[in-house]
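Report on the structure given below.
Bear in mind the structure is a predicted one, so any value in this text is a computation, not a measurement. Numbers here are sequence positions counted from 1.
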Amino acid sequence: MADDLLTVETLCKKLQVSENTAYQLLKSGQLKGFKVGRMWRIPQSSLDSYVVNQLAGKDVTKNGLF
């Protein structure tokens with residue numbers, strides 16, 4: 001299971017967002033994660049759910065994704 005945990009740095013690379021954006025997503029609860037000491041850890045399944053929810057809120061056929 002530890003292999004499925006992402007750091008904020010890895011999350012930023014995967015979503016192609018800044019650290020500020022990543023922390024905002026975590027603090028707002030839009031993206032689920034937890035802290036180990038002062039460091040955030042994000043389960044891969046949480047990132048997967050976030051992406052699916054973001055796509056579900058948009059008509060992806062109009063955005064040219066499909």
Side-chain angles (χ1 to χ4, degrees):
M1 176 119 176
D3 292 333
D4 296 327
L5 294 177
L6 307 173
T7 63
V8 170
E9 180 181 357
T10 304
L11 175 68
C12 291
K13 288 178 184 175
K14 288 185 176 235
L15 286 180
Q16 298 179 351
V17 298
S18 70
E19 283 190 11
N20 285 339
T21 299
Y23 286 120
Q24 287 175 346
L25 291 170
L26 289 162
K27 289 178 183 178
S28 70
Q30 293 179 60
L31 187 59
K32 303 296 181 201
F34 60 93
K35 282 183 148 183
V36 177
R38 295 177 56 201
M39 307 293 286
W40 281 94
R41 294 294 179 257
I42 305 96
Q44 179 65 49
S45 59
S46 178
L47 175 59
D48 295 342
S49 295
Y50 173 76
V51 170
V52 167
N53 288 337
Q54 292 302 301
L55 289 172
K58 297 179 169 75
D59 184 352
V60 292
T61 57
K62 288 185 179 179
N63 292 334
L65 297 176
F66 297 105

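Shortest non-hydrogen contact noted between I42 and K32 is CG2-O, 3.5 Å. What you find for L31 and L11 is that their closest heavy atoms are CD2-CD2, 3.5 Å. In this structure, A22 and V17 approach most closely via the heavy-atom pair N-CG2, 4.3 Å.
Taking CG of L25 as the start and CH2 of W40 as the end, the distance is 10.5 Å to the nearest 0.5 Å. Note that NZ of K13 and CG of L6 are 11.5 Å apart. Values are rounded to the nearest 0.5 Å. Note that the CG atom of N53 and the CG atom of D48 stand 11.0 Å from one another [nearest 0.5 Å]. Taking CZ of R41 as the start and OG1 of T10 as the end, the distance is 8.5 Å to the nearest 0.5 Å. Note that CD of Q30 and CD of Q54 are 6.5 Å apart. Values are rounded to the nearest 0.5 Å. Taking CD of Q16 as the reference point, atom OG1 of T21 lies at 12.5 Å (rounded to 0.5 Å).
Counting heavy atoms from C-beta on, the side chains of L5 and V36 never come closer than 4.5 Å.
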